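Since the structure is predicted, the reported quantities are computational estimates derived from the model, not experimental observations. The chains referred to below are lettered A, B, ... by the order of the sequence lines, with proteins before strands, and numbering in each begins at 1.
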Amino acid sequence: MLFGGVLALDDVELAVDAGQVTGLIGPNGAGKTTLFNVVCGLQPPTRGQVALDGDDITALRPFDRARRGVGRTFQRLEIFGSMTAYENVRLGAEIRQQWDRSWPDPDEKAAEVMARVGLWHVADERADALPTGHARLVELGRALAAGPRVLLLDEPSSGLSEDESDQLGLLLRDLAGDGLAILLVEHDVDLVMGVCDRIHVLDFGHILAVGTPGEVRRSEAVQQASLGTTAAV
Amino acid sequence: MDVEKLFVFLTIGVSVSAIYAVSATGLVVTYITSGVFNFAHGAIGMFLAFVYWELSVNQGWPVPLALAVTLLVIAPAIGVALDVLVMRRLVQGASLATKLVVTLALLVVFQGAVLGIWGVELRTLPAFLEGRQYSLAGLQITYHQTITVLAALVVAFGLRFLFKRTRLGVAMRAVVDNPELCAVKGLSPNVVTAASWAMGSSLAGLAAILIAPGLNLEVNTLSLLVVSAYAAAVVGRLQSLPATFVGALILGVSGELVGAYVPAGNEWLANLRPALPFVLLFVALLVRSETRLPEKLKTHAEPAPPPLRTGIVLGGLAVGVALTVSGGLSPFQLLIGSKGLIFACIVLSLVLLTGLSGQVSLMQMSFVGIGAVLVGKLPEAFPYPVALAVAGLVTGLVGVLVALPAVRLRGIYIALSTLAFAILMDKIVFGNRDVLGGGTTLAVERPNVFGLDFSSERALFVVLAVVAVVFANLFLIVRRSRFGRLLTAVRDAPNACQTLGMDVTRAKLKVFFLSATMAGVAGAFFGGLQSRVGQLDFLYFRSLTVLLVATIFGITSVSGAFLGAAFFVVLPELTRNADSAGGQALQPLIIGLLAILTARRPEGLAGRLRAALRPALRRVIGFRPVASRPELPIELSTTPEIDIREVGTVGAAR
């Protein structure tokens with residue numbers, strides 16, 4: 001992946017399994033968001049392949065990938081700012097219903113998701129007036145309302161209180177328990193170590209280490225390259 | 001092939017390219033640094049060429065002094081003033097539409113200023129070392145051409161040095177993505193953007209002064225030359241300066257070659273050469289499409305749409321009022337009223353496109369023209385409703401065709417492609433003698449349905465009131481529909497829409513079709529109202545004015561459309577008494593300045609008015625926004641159930 005003349009990602013290989021939360025950590029500029037963009041199709045890779053269930057989806061446009069089940073949230077918020085939190089989530093379901101007639105009624109789906117994510121108390125707030133933490137949860141709810149099978153979360157806990165962060169962790173485990181494949185980019189080390197089944201450590205476009213939270217924590221390469229040198233991870 | 005002739009035209013082509021390159025570089029420098037695509041770039045250059053003419057010709061200053069004062073003092077001063085007074089206050093988080101409207105308004109303001117200061121008479125600007133030339137390898141080369149190419153080279157290497165070797169240059173490249181980086185480099189972002197606007201302005205002026213001797217010193221021609229620069233800049237994807245130079249070279253040389261080798265005599269081919277930059281801009285958009293993500297828009301407030309019943313009742317009332325009042329109006333007053341209603345329809349087509357879905361069209365009046373010309377050209381055998389339907393549908397399809405190349409790209413490219421298309425329509429369709437050109441006009445019939453004749457001024461006025469009410473309700477129906485919600489979503493967060501599974505391109509094309517259809521139908525009535533239409537009715541410039549007026553009064557609402565339309569027909573009456581040149585300048589100045597002042601608030605003056613009137617309105621008609629979601633179901637109000645074992649697993653994973 002060539003990005004602005006700098007190699008943002010170089011031969012990164014990473015698998016996300018259903019029913020698991022896979023973590024992706026690394027300092028700022030390591031290429032995490034670029035990787036997300038490549039996976040969901042917003043940015044074409046210079047080479048390489050994105051596969052879902054073994055099917056190559058590299059040539060598909062973003063909305064086709066979404067219809068196959070790739071959902072995501074954004075680190076730089078991409079919220080429907082002129083709508084309420086509820087309308088944001090409802091629209092996720094409505095977009096799904098547009099191409100999938102069998103999808104449940106958007107109001108029903110939105111109510112279910114709002115409760116699950118814990119957003120009812122801000123349901124009628126305009127989304128662009130929400131604090132970032134809640135806006136991120138709205139993005140998560142909106143993605144869930146469209147029923148993804150793979151969910152890419154770009155720093156979902158930034159802006160949340162410690163309590164809310166813990167709740168989010170439980171929700172992510174719960175979602176994985178439902179069979180969702182979750183790829184989590186996160187700066188909150190406790191959250192990542194707490195919820196992930198496997199963690200990939202990315203730095204300067206390379207995967208430095210892969211393993212369970214415990215293995216990653218003990219890995220010397222990671223200690224030196226990222227955990228030791230940046231406060232971020 | 002005559003080799004000598006070829007070389008002669010290549011020489012001219014290279015010097016023209018050099019000018020395009022200088023202008024395009026200025027455009028790219030400001031864009032890289034401030035994120036603003038400056039549609040006023042050409043107009044600023046044009047203004048500076050007039051300043052230079054004033055100093056060197058009118059005041060008789062020596063050329064080097066006049067040049068230095070124009071390009072090194074006045075131009076940077078204008079650039080810095082624009083940055084400080086206008087851009088800096090808007091750009092933080094401003095939507096693309098806002099940025100666009102501001103620079104378009106500046107274009108209009110600079111044109112108005114030149115008309116106001118210097119009037120409309122034709123002037124010429126002498127070339128540098130006028131008439132002196134030397135021969136090189138058998139070619140006659142003028143000193144002006146040599147100076148032009150040298151100037152471009154100086155600009156190219158100067159900028160290269162600036163960007164690679166100086167602190168300011170490095171900061172300029174970084175500031176748009178990362179303002180904090182400037183602080184690290186020890187420069188305030190304000191200094192950096194001011195510098196880039198100053199440079200952009202000087203480069204615009206240099207280009208205009210270099211090219212003006214080959215043309216008349218005239219407002220429109222000089223402002224439009226910048227489109228060649230747009231095309232060159234697009235070849236450079238609005239960021240690469242070397243590629244921009246290559247683009248300029250392609251444009252300049254191909255323009256001269258077309259001029260030299262395309263046979264004269266054919267009307268359509270003869271119009272090809274002036275249209276070439278726009279054709280090339282299209283090609284550049286197609287070929288050099290950029291995959292950067294669409295920029296984010298700032299969202300804005302808009303009124304909750306009233307329920308269908310309210311819309312229909314209010315509309316019925318309005319038609320009733322129109323029917324009653326029209327009996328007491330003079331034919332002239334009816335004409336003004338009808339014109340206002342048609343403009344309301346045109347602005348409504350923009351409210352749908354820009355207000356609701358966030359797309360920008362700079363060619364709405366070209367759609368109007370297509371509708372009018374179609375009704376005028378269709379054989380009389382066609383019944384009026386059929387002609388109207390054809391006009392609407394064909395215009396809609398043209399809208400889709402224009403949007404197609406640019407709709408996948410960032411919003412700025414749609415603006416560019418619609419502007420290019422508007423000017424293209426001016427030059428090869430409306431300016432064509434076979435259609436409207438050469439001072440000819442085309443008769444357009446008035447509505448005539450099932451033997452009922454609506455051609456009297458009063459009948460037409462009432463018909464137009466009905467049409468405007470239908471348009472307004474159509475827009476409101478779209479807004480309340482799922483399609484309307486999807487469009488709002490596209491406007492607010494296009495990337496999110498894609499990753500949720502929405503085919504954003506298709507949604508954009510649909511709304512372009514709908515908007516162009518509305519404008520085409522409005523155009524059919526516009527033609528009927530005037531009875532005859534001519535080339536001047538559909539000038540690209542008018543599309544800009546319509547967009548500006550729409551944003552002044554609120555591009556997000558029906559009330560804004562009607563207020564804007566009223567302003568549109570009242571303003572010429574207000575400025576009629578001013579003397580001719582002054583009056584001509586006054587309108588663009590008023591519209592441009594108002595647009596700059598109101599651009600920060602897309603809800604416009606109508607939005608403020610509504611906010612002020614809302615309490616009273618609520619009492620009178622009992623209108624309140626519809627509740628948009630079901631009540632919170634009680635069984636879902638508790639926190640989700642949590643599986644304790646799962647938590648245990650989490651603990652184990654630690």
Rounded to the nearest 0.5 angstrom, the CZ-CG distance for R485(B) and L91(A) is 7.0 Å
Measuring from atom CG of N495(B) to atom CD of E78(A), what distance do you get when rounded to the nearest 0.5 angstrom? 4.5 Å
Heavy atoms of G501(B) and R67(A) approach each other most closely as O-NE, 2.8 Å
Could you state the interatomic distance from CZ (F63(A)) to CE (M502(B)), rounded to the nearest 0.5 Å? 11.0 Å
For the atom pair OG1 (T499(B)) and CG (N37(A)), what is the distance rounded to the nearest 0.5 Å? 9.5 Å
Take R61(A) and T505(B), measure what side chain to side chain donor-acceptor pair (under 3.5 Å) needs, and give me the verdict at the end. CA-CA 11 Å; R61(A) 286 174 295 176; T505(B) 303; 5.4 Å; no
For chain B, which candidate among Q98(A), R65(A), R68(A), M114(A) shows the most heavy-atom pairs at distances under 4.5 Å? Q98(A)
Whatever's closer than 4.5 Å to a heavy atom in chain B on R142(A) counts as both
Heavy-atom check, side chain of F80(A) versus side chain of C497(B), under 4.5 Å: yes
Counting C-beta onward and ignoring hydrogens, is there a side-chain heavy-atom pair between R482(B) and P106(A) closer than 4.5 Å? no
Counting heavy-atom pairs under 4.5 Å with chain A, the top scorer among L486(B), L500(B), V504(B) is L500(B)
Output the distance between atom CE (M83(A)) and atom CG (D492(B)), rounded to the nearest 0.5 Å. 5.5 Å
With only heavy atoms counted, which part of E139(A) is less than 4.5 Å from chain B, the side chain, the backbone, both or neither? neither
